[in-house]
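These notes concern the structure reproduced below.
What you see is a predicted model, and the numbers here were worked out from it, not measured in a lab. Hydrogens, waters and symmetry mates are skipped; everything else that's a heavy atom, side chains included, is used. Naming: A, B, ... by sequence-line order, numbering from 1 per chain.
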2 protein chains.
Amino acid sequence: MTDTKTALLRSAEHAVRTKGFDGFSYADLAADVGIRKASIHHHFPAKADLSLAVMQQYHDRFEALCAQIDATPASGAARLRAMADQYRAALGGGDTLCLCVAFSISADRVRVDVRAAMAAFRAMMVDWLTAAFARGRDDGTIAQVSHPREDATAMLALLEGAQLAARAQRDPTRFDAALRPLLARLG
Amino acid sequence: MTDTKTALLRSAEHAVRTKGFDGFSYADLAADVGIRKASIHHHFPAKADLSLAVMQQYHDRFEALCAQIDATPASGAARLRAMADQYRAALGGGDTLCLCVAFSISADRVRVDVRAAMAAFRAMMVDWLTAAFARGRDDGTIAQVSHPREDATAMLALLEGAQLAARAQRDPTRFDAALRPLLARLG
DNA sequence: GTCTATACACAGATAGAC
DNA sequence: GTCTATCTGTGTATAGAC
């Protein structure tokens, strides 16, 4: 992959996560990367192609992160904490959201394959969180686990909602506050 | 307030909640309400004026809803359930979000007074939820309440995140799934 | 209050030279 | 691969007639 393409993907991911799918333009990326906007079309013919590439790259990165955590002997609770830390770090100064959240608002204007990629990402995250909750129930490090899958679904919603709360007021500590009750269950 | 203005506010709220601040235009509203887009400027000179009016109307409606629930002798748990039902109903077929969520993505492109209105709405909701959790702790209808304010912050994030999950896949039952662990705490 | 007409900026995208 | 130039559509907003 060329440097330009890498730079474009990087710039586009940041743009989507701070401004949303409808909020960023090829002009923004061009200014950021330092080429003309027509040149972007050489790498990504349409905005949807770029969006899909960004989504796939994001998916791969999180998949690798999950695998990395799974390779450790960490407890169920420690795994959830590690993932929560990741979402917290993704917030930056309170201005960047999870890519899925950023795309969700424009869900009816993104191409069908981009929507499919969003669904795939969510499914992967819920599956991983489900396994972590099950592990935590078995090793006794997570309190009050009844249905790992439901807990996982709720936790993903909580993570995304907490990011929204932080962004709405550009205050990352809102994320911490929203996570506190969940983290309190982790021994 | 004239019928046209009422219709515009109604149409605009739906537009923002389905397409976001950046995703709807005066052309959409004009087609929906049945007037020309230039006529909208007579009622709301700028898009920011319209956004503010929609936000204020939304705030007033929820404030009235909170007051209505408070006027009943309902338990803490019953109050939370009533509010959760409201967010669930607001989902429609899985395509409409809370107005705050819809605006949040475009937070850096909305006028400062609209952002202030978003913050005011969130503050009101957290305050109300805090009181409901405190009531539930005292009347014994909500399990494991330690810090009502933290529980309230987490619940607002969960409600909004659950709406996002439902919208991402146009499936309202995702909302129900994400809420289940919380609702299980309510006696 | 609503209309037609229009201004002006910017969006995504394409053609073709270099 | 990147550029200039350009197309076409759409966005918010305004002027002025009715």
Side-chain angles (χ1 to χ4, degrees), chain A residues 1-55 99 102-103 105-115 117, chain B residues 1-55 99 102-103 105-115 117:
Chain A
M1 187 146 60
T2 66
D3 278 359
T4 302
K5 199 162 188 171
T6 306
L8 282 171
L9 282 173
R10 180 190 170 86
S11 179
E13 179 182 321
H14 186 259
V16 174
R17 292 176 52 193
T18 50
K19 308 199 241 185
F21 175 77
D22 292 313
F24 88 98
S25 72
Y26 272 34
D28 298 330
L29 305 190
D32 188 24
V33 171
I35 60 175
R36 296 296 178 159
K37 61 177 184 165
S39 307
I40 304 178
H41 289 278
H42 171 74
H43 302 279
F44 304 101
K47 199 178 179 182
D49 299 313
L50 174 57
S51 301
L52 182 61
V54 168
M55 196 69 230
L99 193 56
F103 272 127
I105 310 294
S106 310
D108 54 351
R109 272 175 315 290
V110 301
R111 212 170 55 191
V112 59
D113 51 1
V114 180
R115 257 208 311 278
Chain B
M1 190 144 60
T2 66
D3 278 1
T4 301
K5 199 162 187 171
T6 306
L8 281 172
L9 282 173
R10 179 189 171 89
S11 178
E13 181 182 321
H14 187 259
V16 175
R17 291 176 53 193
T18 50
K19 308 200 236 184
F21 175 76
D22 291 314
F24 88 98
S25 73
Y26 272 34
D28 298 329
L29 305 190
D32 187 23
V33 171
I35 59 175
R36 296 295 179 160
K37 59 180 180 163
S39 308
I40 303 178
H41 289 278
H42 171 75
H43 302 280
F44 303 101
K47 199 178 179 181
D49 299 313
L50 174 57
S51 302
L52 182 62
V54 168
M55 195 70 231
L99 192 58
F103 272 128
I105 310 295
S106 310
D108 54 352
R109 274 177 314 291
V110 301
R111 213 170 54 190
V112 59
D113 53 358
V114 179
R115 261 208 309 280

> With side chains defined as the heavy atoms from C-beta onward, is the minimum distance between B:F21 and B:V114 less than 4.5 Å?
Replying inline: no
> Step by step, would you call A:H14 with A:F24 a ring pair (Phe, Tyr, Trp, His ring centres under 6.0 Å)?
Replying inline: CA-CA 10 Å; A:H14 186 259; A:F24 88 98; over 10 Å; no
>> Given A:D49, which partner from the list A:H41, A:H43, A:R111 fulfils the side chain to side chain contact (heavy atoms under 4.5 Å, CB included) test?
In response: A:R111
> Where do A:M1 and A:L9 land on the side chain to side chain contact (heavy atoms under 4.5 Å, CB included) test, with the steps shown first?
Replying inline: CA-CA 11 Å; A:M1 187 146 60; A:L9 282 173; 3.9 Å; yes
> Quick one: does A:R17's side chain have a donor or acceptor within less than 3.5 Å of a partner on A:A102's backbone?
Replying inline: no
> Would you call A:F44 and A:K5 a side-chain contact if the rule is heavy atoms closer than 4.5 Å?
Replying inline: yes
> Which residues pass the side-chain hydrogen bond (donor to acceptor under 3.5 Å, both in side chains) test with A:K19, sequence neighbours left out?
Replying inline: A:D28
> Expressed in angstrom and rounded to an integer, what is the separation of B:I35 atom CD1 from C:dT4 atom P?
Replying inline: 12 Å
>> Below 4.0 Å from chain A heavy atoms, what is the first contacting nucleotide of DNA chain D and what is the last?
In response: D:dG1 to D:dA5
Distances for protein N or O near nucleotides 11-13 of chain C N or O, under 3.5 Å:
from	atom 1	to	atom 2	distance (Å)
C:dA11	OP1	A:S25	OG	3.1
C:dG12	OP1	A:F24	O	3.4
C:dG12	OP1	A:K47	NZ	2.8
C:dG12	OP2	A:Y26	N	3.0
C:dA13	OP2	A:K47	N	2.8
C:dA13	N7	A:H41	NE2	3.2

> Got B:I40 and B:V33 here, is their nearest side-chain heavy-atom distance under 4.5 Å?
Replying inline: no
